[in-house]
Each structure stands twice: as structure tokens, then as C-alpha cells.
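Within every chain, numbering begins at 1; the chains are lettered A, B, ... in the order of the sequence lines, protein sequences first and strands thereafter. Keep in mind that this is a model prediction, so the values were computed, not measured.
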2 protein chains.
Amino acid sequence: MTNKKRTTIKDIANVLKISTAAVSKALHDDSRISTETKEAVKKVAKELNYQPNHLASALRKGKSNLVGVIVPKTNSNFFSSVIQNIEEVLNKEGYNIIITQSNESYTKECNTIDTLLFTQVDGIIASMANETIDLSYYEKIKSKGIPLILFDRGENDLNVDYIGIDDYHSSHIIVEHLIEQGCQRIAHIGGYKHTRIFNNRIRGYIDALKKYNLPLDKELLIESNLTLQDGRKKMMQLLTLQKRPDAVYVAGDYAALGALQVLQENHINIPNDIALVGFGNEPFTAMVTPTITSIEQHSNEIGKQAANAFLAYTRGDFVKQKLNKTILDAALIVRDSSNIKDS
Amino acid sequence: MTNKKRTTIKDIANVLKISTAAVSKALHDDSRISTETKEAVKKVAKELNYQPNHLASALRKGKSNLVGVIVPKTNSNFFSSVIQNIEEVLNKEGYNIIITQSNESYTKECNTIDTLLFTQVDGIIASMANETIDLSYYEKIKSKGIPLILFDRGENDLNVDYIGIDDYHSSHIIVEHLIEQGCQRIAHIGGYKHTRIFNNRIRGYIDALKKYNLPLDKELLIESNLTLQDGRKKMMQLLTLQKRPDAVYVAGDYAALGALQVLQENHINIPNDIALVGFGNEPFTAMVTPTITSIEQHSNEIGKQAANAFLAYTRGDFVKQKLNKTILDAALIVRDSSNIKDS
DNA sequence: TATATTTGCTTAAACGTTTAAGCAAATATA
DNA sequence: TATATTTGCTTAAACGTTTAAGCAAATATA
């Protein structure tokens, strides 16, 4: 524990009898420093095991090289994969990320934002909690002039960069797929309408039914918080109907799993009696029996693009910063739970 | 974007015609500042929407109030739950955490450590990557005098605080449970022997067999990286044996799931033909069919204790800092995959 | 050869805090 | 009433960088 003080540029300067300014410039390969000096500085830096003090340079330069990432939960393949890709892109550019979880709670999300602002992050990349309706905390970020990028769960009203998939179109793909399988009464257990992505999925569902001349039955369209538990509850509700659906499209994989459990407990054949489609392509959808058809959201791509959107800001492409709404195409992964021909 | 400069204590000082030192002390409730001044300062601070510059105080105080957390992956219920609890405890004490993933890669882990040191974290709480054998990077943390706490995957040799469950005893509980179910040939798909926790599970397995006078069959003890894929592979290997096991204890849930899939594909009845036990109590173990018996590792408690161990250091209990090896008792969650009486 | 430019550094100030040292006024103590 | 202590502030320096401004020596240009 003989924690002798860390070496600073001052120490290097003393050894070489030059100024700290020269050392600083040498370490940053300033063109006005001779090659010999640079080499000497770097050699001594290595010898003394010099590690730059990030806080000092951050303070001086007015930027921390930290980016805050807010997700509803890390414990989901989608979000952890997005995070991993954000990290990969930003690390290359010298940024570190601070990951925080809102746990789907609005209060926790606000605290989290305060914490990140306090930590002087250079930007925030976020996906909103389910609960979040009031956007004033996000406005706070904007008003401080800190770049804000939203992905997956974001609101149009905020007028910031957004990366996500085409939820409206995804619903079309799913409904089309189910109709191809011969389904005629397709139910939708959707997310909260106030969240854009879930609203888009609902609109897509409704319009796709219209497109294929299927009637829209209000009983078959249910709002849910999309947890496993609520998926069970909403599936039970559907089973009590006089005219049961022959397919259920659930806007989240966890809730889809809940629905699957209920169907199995009631000895209903999947997909022949009722076909099932989830959303998100969580790994467990390929693990359960039957495997669940789902939508792949390209989490890797979303993470990379979100990071790049932030970098675009920092590179000062402010001139005529146009709002980037990047919408990726989703992919339907057909599995046993909706593959009627094969089963 | 009229990003007018942030308010500093200087601004507050100017308004009240007092020194910045007085402002600083007032904000920290220094006993040598009058109540009136404190109130006035806080009032103005609020009016000007003052937010302390964390970098400046960190630089001055020589501590960043950031704690680095390194996990093999965030995408696992165990780790994300540990993280959540670390965060909860540390946030209360004014610390923020920087979460990084090693992705089970030794190289990534080293980078991650460099990054955290560069960011001037006040401490590091880590669980090691599967690959990690060389501990020199962890020694680096210690040599810088930065508190290091390990949990779950940690090595004794490092001589630092450690929080985990009693893996040796967990194996005993599992083997006892399987014997109670009538199993006589119990296989173990274990983790890498060089990782302490997996080694302990293996030793526990061997000793428990001995205790109950069951022979140790080398064929039934297999080393694995415990991914889903490798679980499949190792299960197939067990099925090729002349004398198949009647129970398989897998040291990780993902690998257990792989084993389960292979058993089902071969129409082997679980648990009657072969009983199955996993480790970690990942949520999906309760979701698949049949549900998988597993070991609950008390991730919440581990997270809390790890955070508290770090806090103990910062509180300067250095005087006679004794090594804290906290070992929690694990709990066996019996499910269908090993419940022979009921099935 | 005289002047202009470039090279390679130094000096000094700054980023926004915190804190040791100190000082005058107010209050307590003998 | 004279001295000691406490209260409530200020002054000044420091944390470890970066960077604008400047200057002398070396080199290029006319």
C-alpha cells in the first residue's frame, strides 16, 4: 500500500528539463514539437508509468469523454446487445460509457438523468422507461446543450435523433405471415399506446387487417405492460371470449412467453389451434417448446448507429444539424409457434 | 442551442458579494458558516440553477466518486441483478458506477481495466472472465492502491475481498437431492477447473459422491465452457457412453438448457430417465418445459455486500484491513427436471 | 546579405473546485 | 475589565492538465 504519488507531466518535465507545456504537446503529437523531444517524452512517460489524469484534462477541455446510456433494464438481450455495440463504437473514439438502468420506473429515470448530468457526461443515449410520459427531464438535457440520442423507446415530440426499427411495417409483416398460415381471427396484445413504438405496432396491426379485409374486433386488441405476468393475464382474458382468436400477436417476447404458458396449461395446440408471434427475438424464444416466432430488431445496428449519431454531434456537424430519424427494417424469424404447415 | 455558460460558485459569490470559499463551504454545510449565509447561498444556487462541476471537485479532492464494475456479460439475470444492487447501495453514498463488460474475453477485460484506471475510478468491483488466468492486470489495480473487490468469479491468490456463495456446499446439496430422488449415476458437466468457483463445485461433487459411497466415474465428470452450445455437445458425449448416467448436474443454466434440448431431441424422459440440475437460477429455468431445478445464488445479497465491502475501504478502515471473504449459503430450487416423485 | 517565415520551445493563465492558514469581530471566561 | 476562545468569513494556493501568446534560433526567401 505504499501508494507513492501518481506521476504527472510535471515529473516528466523535470526529468527532461523542459516545460510541462512541451510535455503535454509531445504526448499529443503536436506538430510544433521536434521528433526527438516527442520520443524522449514518451520514453520517460513509459518509464515512470505515466497515466494521464483524465479529470484534469476533462476539466481543462470542458469535456469528460463520458457518455451516459440509459436503458429500462440491462437484463434483456436486446438492450445488452445495443449497449455492447455503443460501447464498441465509442471506445474507439476515446469515450467511455456509463450505463444506468431505469428499471422501467419514471422516478428512477429522473434520478439517473440528474446523476449523469452531475457526472458531466458529454452526451446521453437513452431508451425510455415504460412509465415515462412527462418529458420535462429529457427537455432538461436538451436545454443544457448536451447531445441526446434516443433509440427504440423514444418520443417524436422531443425532436432529437432517434434510431429504431419500422414498427408499423413489422406489424404488417406479422399479420401477413399469420394470414398466409391460414389465420383469420388475429388478436394483438400490444404495449402502451402512449409509447410511440407500441402505438406504431398497434396502427400497423389495424391497417394490415384492413388491407386484407379482415374485420377489426375490439375484443382482440388489448393493451398490456408486456411483462410475462401480464402476458399470462391477457391471454387468459382472450381465452374467455365467445369467439376465440386463432392467432395472437404479442408486442413483446416476455409477454408472448406468458401467453404460451397459458395456452399450454389449457392444452391448446400451438400453432394449430392458436398460432403465436412475439416481438424482439430474445434468445429464449428459440429455447422454449414450441419455439416462438418473433421479430429481430437488429440491436447491433441500433447500437452502432446511436453511437455514430452522437459522434456526429461532437464532430460539430452542428451547422445545419438535421434530425436523424433512422428507421431500420425488421426481420421476421419464423419458428414453430406459428408454422402451421410444418407442424 | 444558446448554451450560455454553466453557473459556477463564482457566479453565486458575485451575487452575494462573498468569496467562492464561503460559497463552497456553505454548500457543504460547513459549521463555520452562518445559517443566514448558507440559506442565501442555497437560494441563489437554486435560482441560478447551479450544478456542481463534478470534475473540478474530483480533481481537487483527488477522488472521482466513480466505481468501475466489470462483469463477463450484462445479459444474464445474475449479473444484471448484482449490478443493480451495487448501484443502489453506492448511489446512496454519492458514488456512480461505470459498468463494463469483458464478454468473457481476457483481452477485453484488460482493456476495460485500463479504461477504468484512466477514468480515475475510486474502486473496482469485478467478476472475472472465463478466459482469465493471468492475474497481472488485476495486480496492477492493487499496485495503484485502488480498492478491488471480487465477486462470484474471483481468485484466492489475489488476496482481495471476495463475495460469493458456497459452491462446494452447493454441489453437496445437489448431489444429496439427486440421491434422494433415487439417482445412482450422477454426471457433472462442470466449468473450467482453473476458475475457483467451478473448481469448488467439482470438488464438492466428488466429495459428495464419496460421502454417499457412490463410485466416481471419470467418464461422468466433464469440463465445459458452459455455453448453451457446449452444454449440448457435452450432453451428447454423455449419451454415447455404454453406461449412461441417470442424472446430470450442470454447473451453469445455459449449458443445462443445451443438455435439456439434447435429451428431448433424443426422446429421453426428464427426469425419469435422466434427471437434470442447473446452476444460477436464471429466469428461463422456470420458463422451459420441463422447468429446470437450479441453484439460487442470491445475486441481490452479493451485489449489496460487494458495494459495502468497497465502502468499508473508503471509510478508511485501513488500520487493520482484514480480508473479507464473504460466503453466502446457496438455495436449491427444485423444479420438474429433477422431481421424480411428482412426475 | 537582409528580411520573412518556420520551428521548437517557454510563460502564464485557465478550467471550477476545495482547503489550509489567517484575520477581525463577536462572544465567553477569569 | 483584560484576555482567551469562537465565529464567520477571506486570501491564496492547489489539483493536473491544456492552450493562447510570445520569443529566440534556425531556416527559407528575395
May I ask you to say what [X] touches in the nucleic acid, namely base, sugar-phosphate or nothing, with a heavy-atom cut-off under 4.0 Å?
{"X": "A:Ser34", "result": "sugar-phosphate"}
{"X": "B:Ser19", "result": "base"}
{"X": "A:His54", "result": "nothing"}
{"X": "A:Ser24", "result": "base"}
{"X": "A:Ile18", "result": "sugar-phosphate"}
{"X": "A:Lys10", "result": "nothing"}

Exercise. Taking atom types as they are modelled, is there a donor-acceptor pair under 3.5 Å from the base of C:dT17 to the side chain of B:Lys25?
Worked result: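 Answer no: no donor N or O sits under 3.5 Å from an acceptor.
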If I take atom [atom1] in residue [X] and atom [atom2] in nucleotide [N], what distance separates them, rounded to the nearest angstrom?
{"X": "B:Lys63", "N": "C:dT18", "atom1": "NZ", "atom2": "C1'", "result": "14 Å"}
{"X": "A:Lys61", "N": "D:dA20", "atom1": "NZ", "atom2": "C1'", "result": "16 Å"}
{"X": "B:Leu16", "N": "D:dT10", "atom1": "CG", "atom2": "P", "result": "10 Å"}
{"X": "B:Gln120", "N": "D:dC15", "atom1": "CD", "atom2": "P", "result": "14 Å"}
{"X": "B:Arg32", "N": "C:dA21", "atom1": "CZ", "atom2": "C1'", "result": "11 Å"}
{"X": "B:Asp30", "N": "D:dC9", "atom1": "CG", "atom2": "C1'", "result": "10 Å"}
{"X": "A:Leu55", "N": "C:dA14", "atom1": "CG", "atom2": "P", "result": "22 Å"}
{"X": "A:Arg60", "N": "D:dC15", "atom1": "CZ", "atom2": "P", "result": "17 Å"}

Problem set entry | Contact nearer the 5' end of DNA chain C, comparing B:Leu27 with A:Ile33 |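 Nearest-nucleotide comparison on DNA chain C picks A:Ile33.
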What I'd like to find out is whether the side chain of [X] reaches to under 4.5 Å of the side chain of [Y], using heavy atoms alone.
{"X": "B:Tyr313", "Y": "B:Asp161", "value": "yes"}
{"X": "A:Asn300", "Y": "A:Ser81", "value": "yes"}
{"X": "B:Tyr138", "Y": "B:Ile124", "value": "no"}
{"X": "B:Thr115", "Y": "B:Thr100", "value": "no"}

With a 3.5 angstrom cut-off on both distances, give the Watson-Crick or G-U wobble partner of [N], or none if there isn't one.
{"N": "D:dA30", "value": "C:dT1"}
{"N": "D:dA25", "value": "C:dT6"}
{"N": "C:dA12", "value": "D:dT19"}

Problem set entry | DNA chain D: 5'-proximal contact among B:Ala22 and A:Ser57 (nearest heavy atom) |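 Whichever sits nearer the 5' end wins; that is B:Ala22.
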For this session: Might you point out which heavy atoms bring A:Arg153 and A:Ser127 nearest each other, and give the distance in Å?
Result: N-OG, 3.2 Å
For this session: Output the single nucleotide from D:dG16, C:dT11, D:dT11 whose closest atom is nearest the side chain of A:Leu59.
Result: D:dG16
Exercise. Between A:Val89 and A:Phe310, is a side-chain contact (heavy atoms from CB on, under 4.5 Å) present by the stated rule, with each step listed?
Worked result: CA-CA 10 Å; A:Val89 173; A:Phe310 163 75; over 6 Å; no
For this session: Look at A:Thr37 and C:dC9 and indicate whether a side-chain polar atom (N or O) is within less than 4.0 Å of OP1 or OP2.
Result: yes
